Amino acid sequence: MKSDFRARNHPAYWAFLAHRVSGVLLSLFLPLHFWALGRALQGEAGLDAFLRWSEQPLVKFAETVLVLLLAAHLTGGLRLLALEFLAWRDWQKGLLAAAAGLTLVAGLLFLLNV
Amino acid sequence: MSTLSVSVWRGTESGRFQEFTVPRLASQTVLDVVTYIQRTLDPTLAYRYACRVGMCGSCAMTVNGRARWTCRTHVDNVAQGERLEIAPLRNLPVVRDLVTDMTPFFDKWAGARGRFQGGATRKDDFARVAPGSPARQLADAGIECIGCGACYSSCDVVAWNPAYLGPAALNRAWTLVNDVRDTGNRARLAAVAGDAGCHACHTHMSCSERCPKQISPTASIAGLKRATMEAALKGEI
Ligand code: SF4
Ligand code: SF4
Ligand code: FES
């Protein structure tokens, strides 16, 4: 018999899920990223048009989500590295909170700068 | 008298939950509830326990979806609206009702070379291991395992890869890696470095979350990851 969600409902499992899901979503975004960079190679006009398009509020919102995903994936990765390479026992929940906090800070900074 | 509604798994892998009503008592444990059912309501119920004081590791079951040692789990702490759901441990074959076959679990302890291998004879003096030495402290952190299987039952990687040695066997291997008297570490590290060994762990920490002895197999497995990497770099395994 297999476990259901009740066995998995704890902070470290949520951290694993956030790291995995942000990784998958970021890899889905990559083709779009390269496409935008490719426009720059084809000349200024194309890129400018794209940049103007990216000023729309909805696109800005999507970019904020993107920054959040990046920050979540980065801090999640740092958390994993710390767990695998440092001697830890009792502070792993603190590490998790730090990862979540840094992610939010990155998202807010981006929002303030736009 | 207040009562508790209890759903208990009956059958083997295929089966169903059966409903029982059990008197609610002060300081009642989940094992008390199962014992009441077996002694008073249905003597055919199969379950397992021995010590009743959290030492033998034989009474673990899945209580409201989570693996627990039932003899030391108070109903007060786990009942949800005076309801309990009691099922056998996950990730192990079900013999009948609440009894699982622990054979794969303990076979993996052997697979992880979980047996102490000494190099001294009876003519040698006692080994003196300073309690404060770093290796001893690392071994101490994992040594209180009672072999209950709660960690194994909660681990997703065990469910995904039936060959995975699992948290308890790897934790045992790590305590021996840190036992300065043990002489079998080269073979042990080789045994835990494979596809089904420490590097398969995804650091979900469900094992550490559920261990009733507050052991962190995840930390032990991280230690094995570093030790096997170091041994591989030195060309020892
Ligand atoms: S930390 Fe590793 S051993 Fe523990 S539950 Fe997660 S995958 Fe399994
Ligand atoms: S590590 Fe903890 S949960 Fe796993 S078998 Fe040992 S005592 Fe039980
Ligand atoms: S009966 Fe021995 S640990 Fe619960």
Side-chain angles (χ1 to χ4, degrees), chain A residues 1-30 68-107, chain B residues 9 11-15 61-68 78 80 85 87-94 98 100 134 137-138 140-142 150-160 198-199 201-210 214-216 218-226 229-230:
Chain A
M1 265 187 262
K2 309 261 188 233
S3 304
D4 57 28
F5 72 95
R6 291 174 297 181
R8 301 187 176 97
N9 185 10
H10 59 85
Y13 203 89
W14 285 107
F16 157 77
L17 276 185
H19 195 221
R20 186 56 59 92
V21 169
S22 63
V24 170
L25 290 179
L26 285 172
S27 68
L28 290 181
F29 160 77
L30 270 180
L68 277 174
L69 285 177
L70 268 171
H73 201 69
L74 176 75
T75 53
L78 289 174
R79 165 181 172 267
L80 267 189
L81 283 174
L83 288 182
E84 308 254 296
F85 288 103
L86 304 179
W88 57 274
R89 259 194 79 74
D90 302 324
W91 42 271
Q92 69 93 2
K93 294 226 163 109
L95 205 60
L96 212 164
L102 280 177
T103 302
L104 281 180
V105 167
Chain B
W9 183 259
T12 55
E13 299 287 324
S14 57
M61 301 170 200
T62 307
V63 182
N64 285 352
R66 296 181 174 178
R68 308 226 180 231
V78 290
Q80 283 159 344
E85 181 199 287
L89 283 180
R90 306 307 189 201
N91 297 342
L92 287 159
V94 181
L98 302 173
T100 49
Q137 301 259 306
L138 286 174
D140 276 355
C151 54
Y152 187 86
S153 155
S154 312
C155 174
D156 275 359
V157 179
V158 172
W160 297 334
C198 60
H199 298 289
C201 166
H202 280 258
T203 318
H204 293 150
M205 287 194 176
S206 299
C207 53
S208 310
E209 197 70 32
R210 302 289 169 241
Q214 269 88 46
I215 292 169
S216 177
T218 319
S220 303
I221 293 169
L224 285 177
K225 287 177 180 172
R226 295 191 301 270
M229 211 151 56
E230 206 185 311

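This structure is a prediction, so every number in the text was calculated from the model and none was measured. Lettering of chains follows the sequences in order, A, B, ..., and the numbering in each one begins at 1.
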query: Do A/M1 and B/T62 touch side chain to side chain, with heavy atoms closer than 4.5 Å?
result: no

- request: Could you look at B/P88 and say if it's the side chain, the backbone, both or neither that has a heavy atom under 4.5 Å from chain A?
  value: side chain

message: Please classify the contact between A/L80 and chain B as side chain, backbone, both or neither, with a heavy-atom cut-off of under 4.5 Å.
response: side chain

Donor-acceptor contact below 3.5 Å, side chain B/R210 vs main chain A/A7: yes

task: Could you tell me whether the side chain of B/M229 reaches within less than 4.5 Å of the side chain of A/E84, counting heavy atoms only?
output: no

- prompt: What orientation do B/H204 and A/Y13 show, parallel under 30°, tilted 30 to 60°, or perpendicular over 60°?
  reply: tilted

task: Heavy atoms only, distances under 4.5 angstrom: which of B/E13, B/R66, B/K225, B/R90 has the most pairs with chain A? Name it, please.
output: B/R90

message: I'd like to know whether CH2 of A/W14 has more than 12 heavy-atom contacts from other residues, nucleotides or ligands below 6.0 angstrom.
response: no

query: Looking only at heavy atoms, which two atoms of B/A222 and A/L83 are closest? And how far apart?
result: CB-O, 3.5 Å

query: Can you say whether B/S153 sits under 4.5 Å from chain A via the side chain, the backbone, both, or neither, judging by heavy atoms?
result: backbone

message: Tell me whether the count of non-hydrogen atoms from other residues, nucleotides or ligands lying under 6.0 Å of CZ in A/R6 goes above 12.
response: yes

task: Specify the closest pair of heavy atoms between B/S154 and A/S3, including all atoms of both residues, with the distance to one decimal.
output: CA-OG, 4.5 Å

- prompt: Given a strict heavy-atom distance threshold of 4.5 Å, which part of B/T12 is in contact with chain A: side chain, backbone, both, or neither?
  reply: backbone

query: Highest number of heavy-atom pairs under 4.5 Å with chain A: which of B/A159, B/G223, B/S206?
result: B/S206

Selection from B/D156, B/I221, B/V94 maximising heavy-atom pairs under 4.5 Å formed with chain A: B/D156

